[in-house]
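What follows is one structure encoded as structure tokens, with my remarks underneath.
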Amino acid sequence: MASERYNAPVREKHWQQVWKERSTFRTKEGGKRPKCYVLEMFPYPSGRIHVGHSRNYTMGDVLARYKRAKGFNVLHPMGWDAFGMPAENAAMERKVHPGKWTYENIDVMRAQLQSMGLSIDWEREFATCHPDYYRHQQKLFLDMLKKSLAYRKSSKVNWDPVDMTVLANEQVIDGRGWRSGALVEQRDLTQWFFKITKYSDDLLDALGTLDKWPEKVRLMQANWIGRSEGLMVRWALALKTAPKGFKELEIYTTRPDTLFGASFLAIAPDHPLATAAAAKNAELAAFCAECRRLGTSVAALETAEKMGFDTGIRAVHPLDPDWELPVYVANFILMDYGTGAIFGCPSGDQRDLEFARKYGLPVVPVVMPKDGDAAKFAIGDTAYVDDGVMINSRFLDGLDTKAAFEEVAKRLESEKLDRKPVAQRKVNYRLRDWGISRQRYWGCPIPVIHCEDCGVVPVPDADLPVMLPEDATFDVPGNPLDRHPTWKHVACPTCAKPARRETDTMDTFVDSSWYFVRFTAPHADTPVDQKAANYWLPVDQYIGGIEHAILHLLYSRFFTRAMGASGHLKKTLKEPFAALFTQGMVTHETYRTRNGQWVPPSEVRLEGEGEARKAFDIGSGQPLEIGSIEKMSKSKKNIVDLDDFIDQYGADTARWFVLSDSPPERDVIYTDVGVQGARRFVQRVWRLVEDCAEAGSGKGAPRPPSFGPEADQLRRAAHKALNSVSQNIEGLRFNVAVAQIYEFTNTLQSMTARTGEGLQWALREATELLVQMVGPMLPHLGEECWARLGYNTLLADQPWPEAEPALLVDDTITIAVQVNGKRRDELTVARTATREEIEAAALELEPVVRALSGRPVKKVIVVPQRIVNVVG
RNA sequence: GCGGACGUGGUGGAACUGGUAGACACACAGGACUUAAAAUCCUGAGGCGGCAACGCCGUGAGGGUUCGACUCCCUCCGUCCGCACCA
């Protein structure tokens, strides 16, 4: 019998050392093996790794180890998304330099990841905050600038008037700055942009080629790009009502067919016409100012109560010179989309309807359902937004939506206003250019110099990298680069006159938009080593959180194209990630004290069950409030530290736990009992192997000429398990693979007490297969067991076993027999049984006869190998 | 507000392209081993009724399509994610 328990923490360190000494996971290009690039989204070095983070890396690692065993040349790298605001916040709060804070975090987190036993090639590790990385990013920027993919324009920021600084959206809380509490305002600032809109169509169309991406992500991206076909329509303004110099207002609409249902026009608060009108109207100016206080977040703008202000300006309907409509300024119209102006058709748009009801504007139905009655059709609380038949629309009446669109477009295209067509067709996108300027220290400096005479001058390649100054100060808000006494003062590279550096740094999304390329040659002198990039790219399996479904992935797709255009990647490589998997979070209950402070689970004692469950602070003994289950996060402190976990249970238990039960794309709730189950299994495998090593056939014992029924049954179970576990690992259905391993382990264990012809050999075979199957998931235990079974090779170097096809197919098959769709019995027949044979056998079954209770059989549906349904 | 997803026993979940709902695990109950505990092993179990055989109900709620629906369609409810300066 098994003597000792498996001491995971000790043995895991041993095997990690062995892998390291033998460079087991070092990657090299070339060779005959097919390549496979497995990548998990790299982490931000926020401090420590918790069990929540570990899930993503475990999944990638299982796949990487599996693919390695399947004979692939695997690239599985790791690095650090190391620029970002938390480092700067730490600098302000704790007087520690962002660089020091970041690198210290990296050291801690690297050690933590290594203690998980990941099959990572650590020689490729880099941090994006290191000049060795960002110098190449600056080069990429300059090449994009040359190709006009980077440019400057004015755009809005959240401005904190007290701290005199730009705020991120997350730093704006209920319209106020998070530190100062001051009312935030929108401010215009000249900023750098990447021309992602140049690729709107391509980014949209190519989604069709990404068949290994989740459908929902593709859909979200398509909606984000938001292609629409519509009409730009110019409305004449009633001159005596409009500010000087304003003769017309151009709007964008996707529903010109509803023009006869128009009852108002609305413009954005920062539309030029609004600004001009506000100059002479203090009340309007106040309204516009109020709108600006909502900050720049679209979510905030659209959740706010819909409000409008009648400017007094009137516009002439393009299809009826005698019809004038009011022009409102409205807080939900965005200057960035279309022309920043719309016409409102309350009967055909819910938001317009609510606006019209609020301000007493007419609601005229112009589209009704195909089978509707024009005389009776009216709009109540709900707008009719679908296609249908035109009514109350003069020459459009009776046409369908599409025809009406065409008719209006045709008319307005040929009509003239001020000698130009009233309208023109326009394909519009919701996607905006990517604003990359950040007024912060801890980011990649934008490598340009502003000269009074020469304008914007790129930093010459030879002067790269533009390094961040070490001696920045963080004691006051605002941009440390801008207020640095010397850093920004340089000579103009062109004319040598005194000039100043750009003090904006890049959005950290830029860093993560090409890191997967850099991993293919992390030490190259140029940003990209084309040979390595061409060999490894695209990433074969990318794994990360669903929260990145839009921005990070879209930016990376853009960057791949932009790097193609600027000569850094071959142009035929368009998509960086061939397959994408979005994994769920690990969640945990939250606990807080009476005065609202979060308490980590490690300091909580729980009592009772169900409704009566209570939580107490271990230190003070005071009762705590048990809050909702949320994703593990530092801010809510509901995290379980990876070191604590591994010290107690070992890495394999952590890995098994995060893979078990929950489907990987869904959230998993952390519970201690779930962890206990995982630990139990680790010990159980060890015991089985110990028993087998002592009692089973020896290593390499000759295969018996024949097997008795017990051995045959075990071998079938083993090979079937191997087959489906392989498929489920490949399909990333880890929870199902885990369940199948459990099932097989149960079978194996139940066989150990039995005897039969060839059973000892079969037990040895099954045990070895079990070890190989759990290997990618429990790599340390796998090595330990492999050694215990007498091998002096590494399990990590073993090829994946092949299932014997003959053992996967059974001779007989059990199918369900239904009567009128209800299961009444089951039937075991030969695999090769014909429809007629199955039907005859089914009709004789006693429960079937009983369920029919004498009724005649009307029909029998037989789906061979599946089901019989008797309809009576 | 807009866009996207998800909802199955006490719990996490399984169910291939519409074909035996509840695999597997956790928790629970009973038993074995033990001086005892832990660990381990065996057995049981969706709900209701019944000694049982068995019957009825059952995949968030309501409706529909089908011989047959967790799966497809419509309406509703609830939860979660994203919304462009968090990463």
Side-chain angles (χ1 to χ4, degrees), chain A residues 1-2 5 41 43-44 46 81 83-86 157-158 166-172 214-217 219-220 222-224 226 296-306 332 336 350-351 354 430-440 507-509 512 545-552 554-555 582 584-585 587 609-610 630-631 660-663 665-669 671 673-674 676-678 680-681 683-684 687 727 733 735-736 738-743 745-746 749 753 814-826 847 850 858-861 863 866-871:
Chain A
M1 279 307 284
R5 286 170 65 81
M41 290 181 185
Y44 177 79
S46 56
D81 191 11
F83 273 137
M85 285 206 308
V157 294
N158 298 309
V166 177
L167 298 178
N169 281 337
E170 71 158 11
Q171 297 174 323
V172 179
E215 180 58 33
K216 62 176 170 180
V217 174
L219 197 58
M220 279 192 251
N223 288 333
W224 186 258
T296 58
S297 140
V298 174
L301 294 177
E302 299 212 344
T303 340
E305 194 194 343
K306 308 287 168 287
F332 54 90
D336 291 312
Q350 194 59 34
R351 193 163 60 176
E354 278 156 29
R430 213 182 70 97
L431 182 66
R432 309 197 297 253
D433 275 338
W434 173 12
I436 60 157
S437 281
R438 298 291 182 268
Q439 292 70 40
R440 299 186 214 296
D507 179 6
T508 56
F509 269 125
S512 56
I546 184 69
E547 69 273 19
H548 292 295
I550 298 176
L551 293 180
H552 162 61
L554 195 60
Y555 291 156
T582 56
M585 316 281 173
T587 59
E609 270 178 52
E630 302 195 40
K631 83 170 176 196
S660 302
D661 287 352
S662 261
E665 69 278 9
R666 228 187 281 176
D667 289 350
V668 59
I669 302 173
T671 57
V673 289
Q676 299 300 341
R680 228 177 348 242
F681 180 72
Q683 295 295 340
R684 198 171 154 207
R687 273 196 314 276
Q727 283 173 13
R733 292 177 295 269
N735 59 321
V736 185
V738 164
Q740 284 163 339
I741 289 173
Y742 271 123
E743 204 168 359
T745 308
N746 290 342
Q749 195 163 349
T814 303
I815 59 176
V817 181
Q818 300 179 332
V819 176
N820 292 332
K822 240 177 216 171
R823 182 185 166 279
R824 294 296 172 180
D825 203 355
E826 51 186 39
R850 183 153 25 101
K858 288 187 196 140
K859 193 164 139 192
V860 180
I861 289 148
V863 184
R866 281 276 162 83
I867 205 163
V868 180
N869 190 9
V870 181
V871 186

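Here is the naming used below: chain letters follow the sequence lines, and residue numbers restart at 1 for every chain.
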> What residues, two or more places apart in sequence or in another chain, satisfy salt bridge (Lys or Arg N to Asp or Glu O under 4.0 Å) together with A/Arg438?
Replying inline: A/Asp507

>> Please pick, from B/rA87, B/rG12, B/rC24, the nucleotide with the shortest atom-to-atom distance to any side-chain atom of A/Ser662.
In response: B/rG12

> Do A/Arg684 and A/Gln749 have side-chain N/O donor and acceptor atoms under 3.5 Å apart?
Replying inline: yes

>> Looking only at the side chain of A/Lys822 (C-beta and beyond, no hydrogens), which of the listed nucleotides B/rG13, B/rC57, B/rC26 gets closest?
In response: B/rC57

> A/Trp434 near the nucleic acid: base, sugar-phosphate alone, or nothing, with a heavy-atom cut-off under 4.0 Å?
Replying inline: nothing

>> Can you tell me whether the base of B/rG64 sits syn or anti, using the 90° cut around 0 to define syn?
In response: anti

> With respect to the side chain of A/Arg866, which nucleotide from B/rA87, B/rG12, B/rG19 is positioned closest?
Replying inline: B/rG19

>> Classify A/Arg430 by what it touches in the nucleic acid, base, sugar-phosphate, or nothing, heavy-atom distance under 4.0 Å.
In response: base

> Looking for any heavy atom pair under 4.0 Å, which part of the strands does A/Ala299 touch: base, sugar-phosphate only, or nothing?
Replying inline: base

> Hey, does A/Ile815 reach any base, or is it just sugar-phosphate, or nothing, if we go heavy atoms under 4.0 Å?
Replying inline: nothing

> Cut-off 3.5 Å, side chains only: do A/Asp81 and A/Ser512 have a donor facing an acceptor?
Replying inline: no

>> Classify A/Arg351 by what it touches in the nucleic acid, base, sugar-phosphate, or nothing, heavy-atom distance under 4.0 Å.
In response: nothing

>> At 4.0 Å (heavy atoms only), tell me whether A/Gln749 reaches a base, stays on the sugar-phosphate, or touches nothing.
In response: sugar-phosphate

> What is the nucleic acid contact for A/Val868, judged by heavy atoms within less than 4.0 Å: base, sugar-phosphate only, or nothing?
Replying inline: nothing

>> Under 4.0 Å, counting only non-hydrogen atoms across every strand here, what does A/Val166 touch: a base, just sugar-phosphate, or nothing?
In response: base

> Picking from B/rA27, B/rA84, B/rG13, which would you name as closest to the side chain of A/Trp224?
Replying inline: B/rA84

> Does A/Ile550 reach the side chain of A/Val217, with side-chain heavy atoms less than 4.5 Å apart?
Replying inline: no

> Distance only, no hydrogens: is a donor on one side chain within 3.5 Å (strictly under) of an acceptor on the other, for A/Arg666 and A/Asn735?
Replying inline: no

> How is A/Asp336 classified with respect to the nucleic acid when contacts are heavy atoms under 4.0 Å: base, sugar-phosphate, or nothing?
Replying inline: nothing

> Applying the ring pair (Phe, Tyr, Trp, His ring centres under 6.0 Å) test to A/Phe509, which of A/Phe83, A/Tyr555, A/Trp434 qualifies?
Replying inline: A/Tyr555

> At their closest point, which heavy atom of A/Val819 faces which heavy atom of A/Arg824, and how far apart are they?
Replying inline: CG2-CG, 3.8 Å

> Among B/rA87, B/rA14, B/rC41, which nucleotide sits nearest the side chain of A/Arg666?
Replying inline: B/rA14

> What nucleotide among B/rA5, B/rA23, B/rA84 has an atom nearest to a side-chain atom of A/Lys216?
Replying inline: B/rA5

> Is A/Pro663 touching bases, backbone alone, or none of the nucleic acid, heavy atoms closer than 4.0 Å?
Replying inline: sugar-phosphate

> Reckon A/Phe509 touches a base, only the sugar-phosphate, or nothing at all at heavy-atom distances under 4.0 Å?
Replying inline: base

> Ignoring hydrogens and geometry, is there a side-chain-to-backbone donor-acceptor pair from A/Asn869 to A/Gly821 under 3.5 Å?
Replying inline: yes

>> Between A/Thr296 and A/Glu354, which residue's closest nucleotide on RNA chain B lies nearer the 5′ terminus?
In response: A/Glu354

>> Checking contacts here: which listed nucleotide (B/rC85, B/rA21, B/rA39) is nearest the side-chain heavy atoms of A/Gln818?
In response: B/rA21

>> Under 4.0 Å, heavy atoms only, any strand: does A/Ser297 hit a base, just the sugar-phosphate, or nothing?
In response: sugar-phosphate

> Counting side-chain heavy atoms from CB outward, which of B/rC85, B/rA87, B/rC26 is closest to A/His548?
Replying inline: B/rA87

> With nearest nucleotides of RNA chain B determined for A/Asn746 and A/Ile861 from heavy-atom distances, which residue corresponds to the more 5′ nucleotide?
Replying inline: A/Asn746

> At under 4.0 Å between heavy atoms, what does A/Leu219 touch on the DNA or RNA strands: base, sugar-phosphate, or nothing?
Replying inline: sugar-phosphate

> From the list B/rA84, B/rA15, B/rC85, which nucleotide is the closest neighbour of the side chain of A/Val736?
Replying inline: B/rA15

> So, do A/Leu551 and A/Trp224 sit near enough that their side-chain heavy atoms are less than 4.5 Å apart?
Replying inline: yes

>> Once hydrogens and angles are ignored, does a donor-acceptor distance under 3.5 Å link the base of B/rC85 to the side chain of A/Gln171?
In response: no

>> If you go through the side-chain atoms of A/Asn869, does one of them form a donor-acceptor pair with the base of B/rC67 closer than 3.5 Å?
In response: yes

> Using atom P of each nucleotide, how far apart are B/rA23 and B/rU43 to the nearest Å?
Replying inline: 15 Å

> Under a 4.5 Å cut-off applied to non-hydrogen side-chain atoms, are A/Leu431 and A/Leu554 in contact?
Replying inline: yes

>> Under 4.0 Å, heavy atoms only, any strand: does A/Gly545 hit a base, just the sugar-phosphate, or nothing?
In response: nothing

> Does A/Asn735 put a side-chain nitrogen or oxygen below 4.0 Å from OP1 or OP2 of B/rC24?
Replying inline: no

> RNA chain B: stems of at least 3 consecutive Watson-Crick or G-U pairs, cut-off 3.5 Å?
Replying inline: B:1-7 with B:77-83, B:10-12 with B:24-26, B:28-32 with B:40-44, B:46-49 with B:54-57, B:60-64 with B:72-76

>> Of the listed nucleotides (B/rA87, B/rC85, B/rG1), which one gets closest to any side-chain atom of A/Glu302?
In response: B/rG1

> Does any donor-acceptor pair link the side chain of A/Asn223 with the base of B/rG3 at a separation under 3.5 Å?
Replying inline: no

